[in-house]
Amino acid sequence: MSTKNPTGERTDKNTKGEEPRKHFIEEIIDRDRASGKHGGRVATRFPPEPNGYLHIGHAKSICLNFGLAAKYGGTCNLRFDDTNPSTEEMEYVESIQKDVSWLGFDWEDRRFFASDYFEKFFELAVDLVKKGLAYVDSSDMDAIRKKRGDYNTPGQKSPYRDRSVEENLDLLGRMRAGDLEEGTAVLRAKIDMESPNMNLRDPIMYRIRKASHHRTGDKWCIYPMYDFAHGYEDAIEGITHSICTLEFENHRPLYDWFLDNVAPLASRPQQIEFARLNLTYTVMSKRKLLELVQGGDVSGWDDPRMPTISGMRRRGYTPKAIRDFCDRIGVAKRDSMVDVALLEHAVREDLNETSPRVMAVIDPLKLVIENYPEGEEEWFDAAYFPDAPGRGTRKVPFSREIYIERDDFREDAPRKWHRFAPGQEVRLRYACLVKCERVVKNDKGEVVELRCTWDPKSRGGTSPDGRKVKGTSHWVSARHALKAEVRQYDRLFDKENPLAGEGDYKGHLNKDSLGVIEGAVVEPSLAQVKAGDRVQFERIGYYCVDSEDSAPGHLVFNRTVTLKDSWARIERNLEKDTSASGSGKRGQNRPKAKAEGNAEENAAEESGDQITIGTFAKVDLRVGIIRSAELVEKADKLLKLMVDIGEGRLRQVFAGIRSAYPEPASLVGEKVIVVANLKPRQMRFGLSEGMVLAGGGGTERLCVASFDGELEPGDKVS
RNA sequence: UGGGGUGUAGGCUAGCGGUAGGCCCCAGGUUUUUGGUACCUGUCAUCGUAGGUUCGAAUCCUACCACCCCAGCCA
């Protein structure tokens with residue numbers, strides 16, 4: 001219902017994303033509280049099965065359940081759903097507890113185990129038997145499966161379905177006592193063998209399992225099934241909202257059936273389902289993660305490439321980043337696959353705030369400052385947080401021989417290269433300006449050393465005469481350098497969805513997901529770092545001291561995530577410019593776009609960077625005369641041009657050349673080159689019916705290509 | 001060929017009858033002793049499709065289509 005206030009403004013609509021929007025579960029809770037259900041109480045639970053380590057998908061559920069409790073002043077229990085002794089272990093309950101508290105959530109004194117309720121479950125089962133709603137089926141597994149039917153054929157009743165209550169009670173007692181062997185009998189709920197919902201075709205409640213349970217030992221040899229147990233666990237604990245993932249939607253009628261057919265318990269919980277998290281470039285099922293661990297594809301559950309909480313912790317992720325991520329992805333019911341870039345964004349955001357900056361060189365190249373006295377050294381002040389100098393500084397030693405990043409040097413510098421190259425001056429961060437004078441190579445022609453000179457007046461890295469030095473590089477003094485091992489982690493899989501398509505997902509493991517670099521060097525202030533410490537290696541990325549393998553004499557750093565690298569982007573575009581002569585829109589080379597590229601583009605791609613003359617000939621270039629030119633409002637780069645190309649009408653063209661022609665009137669009368677057969681493009685200001693060729697790039701040196709001479713509008717340009 | 005769900009830009013997500021908003025990605029720019037950060041700007045959606053109701057539909061109705069889940073003595 002829409003309501004309007006006296007000024008006519010809608011009052012029930014979300015204002016510009018101010019209030020965090022509510023997801024459907026919060027709406028359900030709001031409704032329940034408004035109607036007084038559960039006395040307004042909110043009680044949730046996080047119910048992991050202790051048969052594996054928690055992963056980022058569980059984090060979503062943890063944040064949801066604990067978050068809801070916090071938001072509504074309720075409680076959230078940690079409950080181990082340990083109803084299957086054959087897969088569960090104490091190791092897992094330890095790790096789960098560690099992960100939940102590390103994420104920042106507190107279950108206080110509410111740690112529960114389903115196994116604590118085993119006696120109660122048995123009572124409930126007996127109750128159901130007495131009501132004629134459960135029976136012992138002595139069929140074997142195979143017979144039960146066959147009689148269950150399938151989607152198109154109803155199931156058939158078991159021959160044991162109509163045993164008397166007495167017989168059932170007796171049999172159930174013997175199941176419990178261990179008189180019956182595994183697989184010879186189960187307790188089943190008597191519901192409906194013809195139900196279109198397979199879950200309702202007399203689901204199994206108890207199976208015989210003569211295995212030792214990690215908590216109850218050998219006390220039991222029958223164990224309850226999930227559907228039978230879960231609702232009761234919730235009810236016993238007074239849970240109000242029992243949140244689980246979508247695949248349990250089909251089980252909800254069962255959840256309700258079990259609750260409705262026994263005497264009322266402490267509360268009547270409601271099951272609500274949401275979509276589990278999927279992340280690009282990884283897998284999320286416990287089974288597959290186990291396979292990776294057991295198959296030796298990773299070093300363990302806490303391998304920093306794993307999407308497990310423990311792996312991410314070791315990798316350097318922060319609890320806050322993970323919580324933020326979970327907030328951003330939202331809660332809904334549609335299947336989705338979240339871009340791992342969003343996760344990376346969340347860590348960068350937190351780490352940018354919290355990680356002190358230090359200098360490290362991953363792939364060292366020696367640089368000798370020829371006019372710096374041998375044997376001398378000086379120590380420069382360097383801020384841990386350059387954007388907040390108050391947050392502390394350290395001293396960084398400088399001397400005649402230093403290491404720089406090999407990647408920061410190019411013998412043949414491309415355009416826009418601001419870093420080391422012959423003859424180019426570069427700033428050494430916090431230290432000084434140096435100029436590369438000479439390159440020393442070995443027999444194989446590899447660069448082994450740079451010979452430079454420095455400007456003593458630039459101490460601290462300042463420019464004494466105000467000369468522009470665009471590039472700043474990180475470095476480490478050779479004499480003072482600490483050796484370090486650096487592990488350059490990358491995505492575990494090289495395919496967005498490793499599960500899609502044919503073939504085993506393991507075939508898509510990223511061969512380069514772990515790059516171990518032994519010969520890195522770091523500044524001496526890092527000598528005392530402790531396991532888990534996080535830093536930013538300036539200009540490179542965020543790193544974390546490995547909690548297992550790092551030691552004072554042997555530092556090991558794990559790459560959490562790289563810094564954003566806009567040089568990589570520039571370089572990509574440069575390559576594209578040289579191969580495609582800068583025509584058309586740049587920067588749309590997302591993987592999808594490539595696949596959907598039209599035939600011509602594909603043809604061009606097939607022959608590498610070159611196109612055939614035939615392809616080029618398809619471009620219809622015409623002489624055009626600009627008849628009018630004006631600024632486009634709300635578009636600071638565009639000019640609207642009306643161009644005559646001899647068609648008897650003017651073409652409207654929007655061109656991004658405003659920076660070069662602040663007074664567009666000067667363009668009127670220019671003879672220019674127009675791409676005449678470009679597919680018209682609908683822009684918010686109107687239709688753009690072609691393109692005017694221009695030279696230069698960026699804002700500097702931009703100019704439309706024009707002709708002099710006796711050319712007529714519409715003349716072909718070749 | 002049963003049942004249960006879900007469909008809003010490249011990816012997430014809001015919208016709850018008044019004509020699509022946010023975040024990520026991408027592109028460009030300003031500031032910068034990190035090609036980082038911050039800030040600004042921009043591109044991209046006839047809301048799965050087709051009908052209908054209505055002055056008005058992403059929102060209501062109908063039909064269709066696509067995708068996901070279900071035949072463990074797993075959870």
Side-chain angles (χ1 to χ4, degrees), chain A residues 1-2 10 12-14 16-17 21-23 27 47-49 51 81 83-84 86-87 140-141 144-145 148-155 182-183 185-186 195-199 201 204 206-209 223 225-227 230 244 246-253 273 275 280 286 328-339 341-342 344-346 348 352-353 357 386-387 416 418-419 427-431 460-463 469-474 536 538-541 563-570 573 585-593 634-637 656 659 683-684 698-699:
Chain A
M1 258 335 110
S2 168
R10 282 166 53 80
D12 57 347
K13 193 158 185 172
N14 271 329
K16 295 269 158 68
R21 295 151 333 259
K22 287 182 172 169
H23 54 70
E27 285 178 352
E49 183 191 8
N51 68 346
D81 207 1
T83 55
N84 184 357
S86 39
T87 55
D140 61 28
M141 214 191 285
I144 289 179
R145 183 170 36 239
R148 188 147 36 213
D150 59 37
Y151 303 145
N152 303 310
T153 53
E182 283 187 23
V186 289
S195 170
N197 181 345
M198 302 286 290
N199 295 121
R201 321 247 259 228
I204 291 166
Y206 269 119
R207 76 286 213 183
I208 301 170
R209 192 112 314 167
Y223 290 92
M225 298 286 288
Y226 170 89
D227 287 308
H230 204 87
C244 62
L246 247 30
E247 65 269 29
F248 291 100
E249 211 150 23
N250 295 325
H251 296 240
R252 194 168 62 225
E273 311 84 12
T280 55
K286 271 198 273 189
R328 285 166 189 262
I329 57 177
V331 177
K333 291 195 72 159
R334 74 187 78 123
D335 293 306
S336 62
M337 166 93 56
V338 175
D339 193 340
L342 185 57
E344 292 173 349
H345 172 81
R348 286 197 189 100
N352 178 50
E353 268 310 301
R357 319 284 130 128
D387 295 333
K416 301 183 180 179
H418 299 152
R419 289 120 88 149
R427 171 180 300 104
L428 292 175
R429 179 133 239 233
Y430 301 120
T462 53
S463 173
V469 177
K470 276 194 166 174
T472 299
S473 281
H474 58 279
Q536 183 198 100
E538 285 208 60
R539 304 210 310 130
I540 303 176
L563 252 33
K564 283 217 224 161
D565 183 358
S566 50
W567 166 252
R569 200 184 66 218
I570 294 168
N573 290 342
K585 279 191 75 175
R586 297 186 309 269
Q588 291 199 326
N589 65 331
R590 308 218 70 200
K592 275 253 174 66
K634 290 195 161 179
D636 54 359
K637 290 196 306 283
S659 59
M683 305 179 70
R684 66 152 50 159
T699 48

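Chain A is the first sequence line, chain B the second, and so forth, proteins listed ahead of strands; every chain is numbered from 1. Only this structure's heavy atoms are used, side chains among them; waters, hydrogens and symmetry mates stay out.
The residue A:Arg348 sits apart from the nucleic acid: no heavy atom pair falls under 4.0 Å. Among the heavy atoms of the strands, none lies under 4.0 Å from A:Glu182. As judged by a 4.0 angstrom heavy-atom cut-off over every strand, A:Arg148 is placed among residues touching the sugar-phosphate backbone only. Nucleic acid contact class of A:Asn51 (heavy atoms, under 4.0 Å, all strands): none. Within 4.0 Å of A:Thr462, counting heavy atoms only, lies at least one base atom of the nucleic acid. When heavy atoms are screened at a 4.0 angstrom cut-off, A:Asp150 is found touching base atoms of the nucleic acid. Residue A:Ile329 is in sugar-phosphate contact alone, with no base atom involved, counting any heavy-atom pair closer than 4.0 Å across all strands shown. A:His474 comes within contact range of no nucleotide atom at all, as no heavy-atom separation falls under 4.0 Å. Residue contacts shown for A:Ile570 include a base, since a base heavy atom lies under 4.0 Å away. Within the 4.0 angstrom heavy-atom criterion, only backbone atoms of the sugar-phosphate kind lie near A:Asn84; the bases stay farther away. Counting any heavy atom pair closer than 4.0 Å across all strands shown, A:Phe248 reaches a base atom. Using a 4.0 Å heavy-atom cutoff across all strands shown, A:Arg427 reaches at least one base atom of the nucleic acid. Note on A:Val469: nothing from the nucleic acid sits closer than 4.0 angstrom, heavy atoms only.
If you measure from atom CG of A:Leu428 to atom P of B:U34, you get 13 Å, rounded to the nearest angstrom. The CD1 atom of A:Ile204 sits 12 Å away from the C1' atom of B:A71 (whole-angstrom rounding). Atom CG in A:Asp140 sits about 15 Å away from atom C1' in B:G72, given to the nearest Å. The OH-P distance, from A:Tyr226 to B:C69, rounds to 18 Å in whole Å.
With distances taken from any side-chain atom of A:Lys564 to the nucleotides B:C69, B:A27, B:G36, the minimum falls on B:G36. The side chain of A:Met198 lies closest to B:C70, out of B:C70, B:U34, B:A75. Across B:U34, B:C74, B:G15, the shortest atom-to-atom separation from the side chain of A:Met225 is found for B:C74. Comparing B:G36, B:C70, B:C12 by their nearest atom to the side chain of A:Leu563 picks out B:G36. The side chain of A:Asn250 lies closest to B:C70, out of B:C70, B:U34, B:C73. In this structure, the nucleotide among B:C70, B:G36, B:G35 sitting nearest to the side chain of A:Arg539 is B:G35. Ranking B:C25, B:C23, B:C74 by closeness to the A:Arg207 side chain, first place goes to B:C74. Here the side chain of A:Asp387 is nearest to one of B:C73, B:U37, B:C25, namely B:U37. Closest to the side chain of A:Asp339, from the set B:A75, B:G11, B:A71, is B:G11.
For the pair A:Met225 and A:Val186, the minimum side-chain heavy-atom distance is 4.5 Å or more. No side-chain heavy atom of A:His230 sits less than 4.5 Å from a side-chain heavy atom of A:His251.
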| remark: Secondary structure of RNA chain B per the Watson-Crick/G-U criterion (both distances under 3.5 Å; [ ] crossing, | other strand, . unpaired) is .(((((((.[[[[.)..(..]]]].(((((.......))))).....[[[[[..)....]]]]])))))).....

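Here A:His418 does not reach the OP1 or OP2 of B:G35: none of its side-chain N or O atoms lies under 4.0 Å away. Proximity of A:Arg419 to the phosphate of B:U34: no side-chain N or O atom is located under 4.0 Å from OP1 or OP2. Within the structure, every side-chain polar atom (N or O) of A:Lys470 is placed at least 4.0 Å from both OP1 and OP2 of B:U32.
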Could you go over nucleotides 45-47 of chain B and give all protein N or O partners under 3.5 Å, atom names and distances?
none

Would you tabulate the pairs of protein nitrogen or oxygen atoms and nucleotide nitrogen or oxygen atoms of nucleotides 5-8 of chain B closer than 3.5 angstrom?
residue	atom	partner	partner atom	Å
B:G5	O2'	A:Glu249	OE1	3.2

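Remark: side-chain polar atoms of A:Arg569 are not paired, donor with acceptor, to backbone N or O of A:Lys564 under 3.5 angstrom. Between the side chain of A:Asp140 and the main chain of A:Gly183, no donor-acceptor pair closer than 3.5 Å is present. With hydrogens and angles disregarded, a donor-acceptor distance shorter than 3.5 Å links the side chain of A:Arg201 to the backbone of A:Ser195.
The distance from atom CG of A:Asp339 to atom CE of A:Met337, rounded to the nearest 0.5 Å, is 10.0 Å.
With the nearest nucleotide of RNA chain B identified for both A:Arg569 and A:Glu353, A:Arg569 has the one nearer the 5' end. Nearest-nucleotide assignment on RNA chain B puts the 5′-proximal partner with A:Asn197, out of A:Ala332 and A:Asn197.
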